Amino acid sequence: MFRIKNFIDGEFQEVNSGDYIPNIDPSRGKPYGEIPDSNNVDIQNAVEAAKRAFPFWSGLKGHERFHYLLSLAEGIERRMDEFVNAESKDNGKPISLARAVDIPRAISNFQFYASAALQYSSESHHTEGLGINYTLRRPLGVVACISPWNLPLYLFSWKIAPALAAGNTVVAKPSEITPMTAYLLSEVAKEVDFPSGVLNIVHGTGSRTGDALVRNEGVKAISFTGGTQTGKRIIEVAGTQFKKLSLELGGKNPNIIFADCDFDKMLSTTLRSSFANQGQICLCGSRILIEDSLYDRFKDAFVEKVKLMTVSDPSKEETKMGAVVSEQHMEKILRYIDLAKREGGTIICGGSRVNLGGELENGFFIQPTVIEGLDQLCRTNQEEIFGPVVTIDRFANEAEAIEKANATPYGLASTVWTENLSRAHRVAESIEAGIVWVNCWLERDLRTPFGGVKSSGLGREGGFEAMQFFTEPKNVCIKY
Ligand code: NAD
């Protein structure tokens with residue numbers, strides 16, 4: 001059993017609490033390692049180390065931070081296969097997905113924000129007849145980065161990289177369900193002689209380690225990605241301490257398909273946007289809305305393709321769908337499928353756990369599932385399931401499509417399929433979401449704002465938005 005350690009002040013440290021929790025391989029349903037369940041002493045040690053490192057790190061020139069961040073990107077790249085295998089094993093995701101998306105995007109995050117350290121600049125405002133105002137942007141100090149299990153290293157690095165680029169020191173907590181690539185990142189930090197205390201990685205459960213980090217008075221800002229309920233808890237604790245908060249939360253994204261779309265392109269992308277990473281991407285389109293005249297053609301073609309999608313061993317190169325992340329999460333998804341039936345839905349394909357036998361007999365596998373016949377206001381269509389489950393529903397016209405798309409408390413992402421340019425712009429403007437993809441899905445340009453509205457979050461990540469979050473502006477007014 002491999003026991004991972006906290007990385008504090010540039011060293012691998014034993015956990016103060018002495019407590020460990022199992023790290024489970026979801027495709028086998030068995031523990032294969034242990035992770036520390038850190039307590040507030042571990043967190044305090046990490047925050048103190050980060051405080052000590054702050055004057056040095058914040059005093060560096062942009063080009064010096066640029067080199068340090070690039071060294072992390074290069075260190076991951078050198079151990080690419082190890083990172084890819086670890087991500088797939090920890091999360092249950094197909095190894096091909098970890099190789100094509102998760103790890104390369106984590107590397108890009110460090111490269112992108114390395115260059116932001118060079119390019120970030122602040123504003124000045126000339127006030128006629130008076131003088132000049134200029135804005136100083138200073139790093140905040142010690143910041144917390146807390147990330148979820150679905151895209152483990154990708155989302156972890158998406159927070160850490162801008163926080164460091166802007167001159168902050170970091171205490172980061174990955175999800176306790178998928179800690180392995182965060183641990184490998186701490187090994188990389190050690191290998192490349194990343195300055196001690198600048199990046200501290202502390203492992204443990206949300207209710208203990210996460211909560212201690214959020215409450216710690218030395219932490220000036222919290223960048224969090226995870227569920228909406230956890231986000232609310234963090235606001236309750238950290239809001240009263242006036243900590244800066246960036247919250248990327250859950251979603252229930254609509255995928256709106258008009259009859260005039262490019263059918264083949266829409267169909268192949270909709271299969272991905274429904275079931276990539278077993279539907280466990282916050283940007284997956286879980287409510288598919290189809291224009292009346294296309295409904296039957298879409299349903300037949302979609303269901304035919306979904307039935308051909310096989311769930312199998314995530315470590316095999318040819319696998320397209322692997323395991324869901326944990327037993328608890330699998331049970332939650334299966335409960336939602338049951339709920340959908342009770343709410344009057346028809347399961348038109350999938351709907352069950354899959355037993356792959358042999359070594360994978362206890363793995364957490366679920367068939368890709370398509371449900372129809374549900375009202376948009378029922379719980380199945382209102383609550384985040386976050387698994388390989390989509391509902392299909394019809395709409396008569398553009399107005400009804402928009403009404404149904406906006407009929408949930410969430411507003412993270414959305415997808416629109418139409419060849420009508422004017423309609424694409426109109427619908428994009430009317431959808432209550434932070435991200436609209438037209439005739440595509442999951443295309444990312446790291447310069448663009450990323451985040452949600454309504455219960456999907458507060459603030460934006462990406463590009464200079466993240467650099468602004470991780471700095472405090474101060475206006476200096478100089479009279480002629
Ligand atoms: P989660 O909220 O359970 O956990 C996320 C992180 O928060 C973990 O590291 C966890 O240990 C920690 N945590 C839990 N309770 C805490 C507390 N009280 N104080 C501090 N930290 C705490 O979410 P999850 O199950 O890991 O991830 C799935 C959720 O994340 C889904 O809702 C999904 O939509 C969302 N998500 C959102 C985005 C986005 O960009 N908006 C991206 C990915 C995932």
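One-based numbering, in listed order, for ligands and for the atoms of each. Everything numeric in this text was worked out from a predicted model, so none of it was measured.
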Polar proximity ligand 1 side, [X] side, N/O cut 3.5 Å exclusive:
X: I234; value: no
X: W149; value: yes
X: E176; value: yes
X: F450; value: no

Practice prompt. Would you name the heavy atoms of G167 and F54 that are closest together and state the gap between them?
Written response: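 Closest heavy-atom pair between G167 and F54: O-CE1, 3.3 Å.
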With atoms numbered from 1 as shown, which atoms in ligand 1 lie under 4.0 angstrom from a non-hydrogen atom of [X]?
X: L155; value: 42 (C), 43 (C)
X: I146; value: 6 (C), 7 (O), 9 (O), 12 (C)
X: T230; value: 1 (P), 2 (O), 3 (O), 13 (N), 14 (C), 15 (N), 16 (C), 17 (C), 22 (C)
X: G227; value: 1 (P), 2 (O), 23 (O), 29 (C), 30 (O), 32 (O)
X: P174; value: 9 (O)
X: V214; value: 20 (C)
X: G210; value: 19 (N), 20 (C), 21 (N)
X: D211; value: 19 (N), 20 (C)

Below 4.0 Å from ligand 1: does a non-hydrogen atom of [X] turn up there or not?
X: S147; answer: yes
X: G451; answer: no
X: S175; answer: yes

Student check: side-chain heavy atoms of [X] and [Y] closer than 4.5 Å:
X: K244; Y: V143; result: no
X: F275; Y: V370; result: yes
X: F450; Y: L283; result: yes

With a 4.0 Å heavy-atom cut-off (strictly under), which part of [X] contacts ligand 1: side chain, backbone, both or neither?
X: L213; result: neither
X: E384; result: side chain
X: L249; result: backbone
X: T225; result: both
X: N150; result: side chain

If you measure from the Lys or Arg side-chain nitrogens to the Asp or Glu carboxylate oxygens, is any gap between [X] and [Y] under 4.0 Å?
X: E236; Y: R233; answer: no
X: D338; Y: R335; answer: no
X: E187; Y: R79; answer: yes

Looking just at side-chain N and O atoms, do [X] and [Y] make a donor-acceptor pair shorter than 3.5 Å?
X: D313; Y: T319; answer: no
X: Y336; Y: E383; answer: yes
X: Q376; Y: D393; answer: yes
X: D90; Y: N23; answer: yes
X: T225; Y: K159; answer: yes

Worksheet item: Just going by heavy-atom distances, which of A238, S207, G434, G206 is nearest to atom 13 (N) of ligand 1?
Response: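 Nearest heavy atom to atom 13 (N) of ligand 1 lies in G206.
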Worksheet item: Is there a protein heavy atom less than 4.0 Å away from atom 40 (O) of ligand 1?
Response: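 Yes.
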Worksheet item: Within a radius of less than 6.0 Å around NZ of K305, do more than 12 heavy atoms belonging to other residues, nucleotides or ligands occur?
Response: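 No.
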